There are 2 protein chains.
Amino acid sequence: MYERKIPEDLECGVTITAKVLGGKWKPCIIDSIRRGIQRPSELHQDITEASPRVINMQLRELLDHGIIDKKIYPGLPLKVEYNLTPVGEGILFIIDAMDKWGEENRDHVLQVTEETAG
Amino acid sequence: MYERKIPEDLECGVTITAKVLGGKWKPCIIDSIRRGIQRPSELHQDITEASPRVINMQLRELLDHGIIDKKIYPGLPLKVEYNLTPVGEGILFIIDAMDKWGEENRDHVLQVTEETAG
DNA sequence: CCGTACAGGGAAAAATTTTTCACTGCCTGA
DNA sequence: TCAGGCAGTGAAAAATTTTTCCCTGTACGG
């Protein structure tokens, strides 16, 4: 695992949340899981822009942060299922708020600042 | 400026918001400004963990995204003041929600996963 | 003139995150 | 036996973000 050289400041709540949601694909993965896409292979098929390896890594972090849990079904063929924990469900509120804000303000944010008003 | 090699997917609202809040010091800067710390030099003194250069760069991005605006007072000595735009004030809701969630779930998120429960 | 404060930028280094490539291992169907 | 699906990882490369170091320019106090 990567060993940080600059310590994180985890005293601020925002930093904690950013740590949890910060990965490039995490909100996407959380959303998929909430929509019922729970098995690794299904997630890989659902999020084709990211390689399976990438998704696995982010799943691992979400797991470590207690956002999702992992159920390994015994026996074969292999079957694994990820689900949101109660804490994970609590963060949906933030993802939804981010999505809403982003949709509402896309144009404003993306406007190329051509104006050099004084 | 850095030229991306992997295109961004800005169709998703979450991505837009992440773009706006994603910089390491942005939520911090936004919070300072909202607390009335508006001049560059004041911000530099308020956020000593980050170098002035770093803060300037993030201010620039916030400006480009229309989260803050910049008032340059004519005459000398130089005086510049940053303020939240209405759009910027709208994003406070998300920062607050992130802070709240982070505070409430710090322990859960930071728990080292010692359990290897089956 | 010298040191300081104001606001800010260029270039390169360092840190961090994301991606790719190549594997392990088991099982099923052809 | 070979091909493919399942779940997953190690190591290194590539991409991206953050940081450091050093400069530009004006004005003020001494």
Side-chain angles (χ1 to χ4, degrees), chain A residues 1-10 15 18-29 33 37-65 68-82 116 118, chain B residues 1-10 15 18-29 33 37-65 68-82 116 118:
Chain A
M1 200 192 281
Y2 181 73
E3 190 175 330
R4 299 200 137 271
K5 299 186 181 168
I6 298 177
E8 290 180 288
D9 169 20
L10 297 170
T15 314
K19 189 180 175 68
V20 170
L21 286 184
K24 182 165 174 182
W25 302 99
K26 283 184 191 168
C28 192
I29 290 171
I33 292 177
I37 299 172
Q38 295 166 308
R39 300 186 59 187
S41 54
E42 291 174 346
L43 287 164
H44 298 336
Q45 286 163 32
D46 192 47
I47 309 174
T48 50
E49 303 93 321
S51 75
R53 174 82 166 104
V54 170
I55 295 173
N56 285 347
M57 283 179 30
Q58 308 246 322
L59 281 170
R60 173 62 110 100
E61 289 184 17
L62 291 171
L63 194 58
D64 288 347
H65 290 155
I68 59 180
D69 59 24
K70 177 177 182 175
K71 194 182 296 179
I72 303 178
Y73 288 86
L76 289 161
L78 292 178
K79 180 172 174 186
V80 169
E81 213 173 79
Y82 292 103
T116 318
Chain B
M1 199 193 279
Y2 180 72
E3 189 175 328
R4 298 202 136 271
K5 297 186 181 168
I6 296 178
E8 290 179 288
D9 169 21
L10 297 170
T15 313
K19 190 180 173 70
V20 169
L21 287 184
K24 182 165 175 181
W25 302 99
K26 283 183 190 168
C28 191
I29 290 171
I33 292 177
I37 300 172
Q38 297 165 307
R39 300 185 60 187
S41 54
E42 291 173 346
L43 287 164
H44 298 335
Q45 287 162 32
D46 192 48
I47 309 175
T48 50
E49 302 93 321
S51 75
R53 174 80 167 107
V54 170
I55 294 174
N56 286 346
M57 284 180 28
Q58 308 247 320
L59 280 169
R60 174 61 111 100
E61 288 184 16
L62 291 170
L63 193 59
D64 287 347
H65 290 155
I68 59 180
D69 59 22
K70 177 176 183 177
K71 195 181 297 179
I72 303 177
Y73 289 87
L76 289 160
L78 292 178
K79 180 171 174 186
V80 169
E81 213 172 80
Y82 292 103
T116 317

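Computed from heavy atoms alone, side chains included, the values below leave out hydrogens, waters and symmetry copies. These numbers were taken from a predicted model, which means no experiment stands behind them.
- Using a 4.0 Å heavy-atom distance criterion, Glu81(A) is classed as making no nucleic acid contact.
- Partners of Leu10(A) under the side-chain contact (heavy atoms from CB on, under 4.5 Å) rule, at least two apart in sequence or in another chain, are Glu8(A), Thr15(A), Ile16(A), Lys19(A), Leu110(B).
- For Asp46(A), the side-chain hydrogen bond (donor to acceptor under 3.5 Å, both in side chains) test picks out Ser32(A), Arg35(A), with sequence neighbours left out.
- Across the protein-nucleic acid pair, Ile29(A) atom CD1 and dT18(C) atom P stand 11 Å apart, rounded to whole Å.
- Partners of Arg53(A) according to the salt bridge (charged side-chain N to carboxylate O under 4.0 Å, His left out) rule, which considers only residues two or more places apart in sequence or in another chain, do not exist here.
- Look at CD on Glu8(B): it is 12 Å from P on dT19(C), rounded to the nearest Å.
- Contact check, Gln58(B) against dT18(D): a side-chain N or O comes under 4.0 Å of OP1 or OP2.
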Annotated protein contacts, base or backbone, on nucleotides 3-16 of chain D with a non-hydrogen cut-off under 4.0 Å, one of B, S, - each: ---BSBBBB---SB
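- Minimum interatomic distance between Ile29(B) and Leu43(B) (heavy atoms only, all atoms of both residues): O-CD2, 4.5 Å.
- Straight-line distance from the CD1 atom of Ile55(B) to the P atom of dA7(C): 12 Å, rounded to whole Å.
- Annotation: side-chain hydrogen bond (donor to acceptor under 3.5 Å, both in side chains) contacts of Gln58(A) (sequence neighbours excluded): none.
- Take Lys26(B) and apply the salt bridge (charged side-chain N to carboxylate O under 4.0 Å, His left out) test, not counting sequence neighbours, and it matches Glu61(B).
- When heavy atoms are screened at a 4.0 angstrom cut-off, Glu49(B) is found touching no nucleic acid atom at all.
- OP1 or OP2 of dT19(C) sits under 4.0 Å from a side-chain N or O of Trp25(A).
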